[in-house]
Amino acid sequence: MAKTPPPDHFYKGTRMPALAPASTLDAVGVMEVRDDDIWVVSYPKAGTTWGQEVTSVIMEGGDLAKVKSKRLSERVPYLELGPLGQQSASYKRIDAMSYDVPRLIRTHLPYELMPQQWHTKKPKTLYVARNPKDTAVSCWHFTKINHFFGTRETFADFLKKFVEGDVAYGSWFDHNLAFWEHRHDPNILFVKYEDVKTDHRRMVKRIAEFYDRPLPVEMIDACVEHCTLDGTKDNRMSNHLGALYISQEKGTFHRKGEVGDWMSYFTIAQNDVLDSLYEEKMMGTGLTFDFEL
Ligand code: A3P
């Protein structure tokens, strides 16, 4: 029988999932960051897997055979994942990585919890953002397959907490807006999941240029095909099957990947609540999202 996981906890004011314990977050805060690191950052369920896979393909120069020879979690490790079973905390593995090639690192940490040296060394960082309604629906589904990630409440219960920012990794608004404020920093590229759905090719090309690793046309095409939802779903090196903290018996990690799926879940009243909060928080920020395509 599956053991009940330890509960979420608060770390420096932000609710964090049990899989990122305080001792790990303390160590991550003071870790060595390298100038040539590549960071993939997002609020959970914003398209992180896509961002990781695209980054990995580009940094391997489009060599798909090489990409497919290693699990995504090894190619782009999850920084704040603490010790699990026989596996030691992820940052230890990241610390021990060779200096010969850039490290690729994925995290959901909010801006203020990013390692101290990330703020000073300013390594290239891809931030993937997704509209809050689809993010909320995706997060809720994720709680069913990741027992470290909150509880198995009804969508209504989950959404209430999401709106209050009382979920793992805190407020969607705070997370997104903090990185958005830095969107013009030369080391940050802020991309939206909705743009990936409308123009995948342009986004891949943009990211390759940002990493200073432009790919030839045929490799861009191959990368786009490889990194689609179906591409990563069918690729056992990218589909998170076997991840220690995910059990895909009660749902699948790769679900629909749609823009506008929230419409099947939100009531009119729930939509009104989120809309007024969105208006209040986003006003004057210049950050907008598509909620349907
Ligand atoms: P849905 O639950 O709406 O289907 P993350 O990778 O940040 O955990 O986000 C997961 C969400 O992105 C899920 O959304 C999942 O289906 C979708 N997704 C996973 N891999 C994807 C890919 N390669 N391209 C587009 N969407 C992807």
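Everything quoted here is computed from the prediction, not taken from an experiment. Indexing begins at 1, ligand by ligand and atom by atom, following the structure's order. Residue numbers run from 1 in the order of the sequence given.
Listed by number with element, the atoms of ligand 1 under 4.0 Å from a non-hydrogen atom of Gly47 are 5 (P), 6 (O), 7 (O), 9 (O). Near Lys256, with a cut-off below 4.0 Å to any heavy atom, the atoms of ligand 1 are 4 (O), 16 (O). For ligand 1, the atoms closer than 4.0 angstrom to any heavy atom of Thr232 are 20 (N), 21 (C), 22 (C), 23 (N). Below 4.0 Å from some heavy atom of Thr228 lie the following atoms of ligand 1, by number and element: 22 (C), 23 (N), 24 (N). Here is the list of ligand 1 atoms found below 4.0 Å of a heavy atom in Cys227: 22 (C), 23 (N), 24 (N).
Looking only at atom types and distance, the side chain of Glu80 has a donor-acceptor partner in the side chain of Tyr169 under 3.5 Å away. In the model, Ser42 has a side-chain atom that pairs as donor or acceptor with a side-chain atom of His108 under 3.5 Å.
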Exercise. Could you go step by step and tell me if Tyr111 and His182 meet the side-chain hydrogen bond (donor to acceptor under 3.5 Å, both in side chains) rule?
Worked result: CA-CA 10 Å; Tyr111 191 82; His182 290 272; 3.1 Å; yes

For this session: Assess whether side-chain contact (heavy atoms from CB on, under 4.5 Å) is satisfied between Asp290 and Asn131, documenting all intermediate values.
Result: CA-CA 7 Å; Asp290 291 325; Asn131 82 63; over 6 Å; no

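Residue, atom and distance of the protein heavy atom nearest to atom 15 (C) of ligand 1 are Phe253 O, 3.9 Å. Scanning all protein heavy atoms for the shortest distance to atom 2 (O) of ligand 1 gives Ser138 OG, 2.6 Å. Looking from atom 6 (O) of ligand 1 to the surrounding protein, the closest heavy atom is Thr49 OG1, 2.6 Å. Looking at atom 16 (O) of ligand 1, its nearest protein heavy atom turns out to be Arg255 N, 3.0 Å.
Residues Leu104 and Val40 form no side-chain contact, since every pair of their non-hydrogen atoms from C-beta on lies 4.5 Å or further apart. Within the 4.5 Å cutoff, side-chain heavy atoms of Leu293 are placed close to those of Lys197.
Between Ser42 and ligand 1, no pair of N/O atoms sits closer than 3.5 Å. On a distance-only criterion, Thr48 and ligand 1 share at least one N/O pair closer than 3.5 Å. The N/O atoms of Asp134, backbone and side chain alike, include none that comes under 3.5 Å of an N/O atom in ligand 1. Ligand 1 has a nitrogen or oxygen under 3.5 angstrom from a nitrogen or oxygen of Lys45.
Phe266 pairs with exactly one of Phe162, Phe155, Trp140, Phe291 by the ring pair (Phe, Tyr, Trp, His ring centres under 6.0 Å) rule, that one being Phe155.
The closest approach between Leu229 and ligand 1 falls below 4.0 Å for a heavy atom of the residue. Under a 4.0 angstrom heavy-atom cut-off, Tyr193 registers as being in contact with ligand 1. For the pair Ala46 and ligand 1, a heavy-atom separation below 4.0 Å is found. Remark: distances from the non-hydrogen atoms of Arg130 to ligand 1 include one below 4.0 Å. For His254, the closest heavy-atom approach to ligand 1 falls below 4.0 Å.
Shown here is Glu279, whose CD atom has no more than 12 heavy atoms of other residues, nucleotides or ligands within 6.0 Å.
Residues Trp180 and Leu113 fall within the same hydrophobic cluster, defined by Ile, Leu, Val, Met, Phe, Trp and Tyr side chains chained together at heavy-atom separations under 4.5 Å.
Between Phe179 and Tyr127, the ring planes lie parallel to each other; the angle is under 30°, not in the 30° to 60° tilted range.
Listed here is the closest heavy atom pair of Val33 and Pro123: CG1-CG, 3.8 Å.
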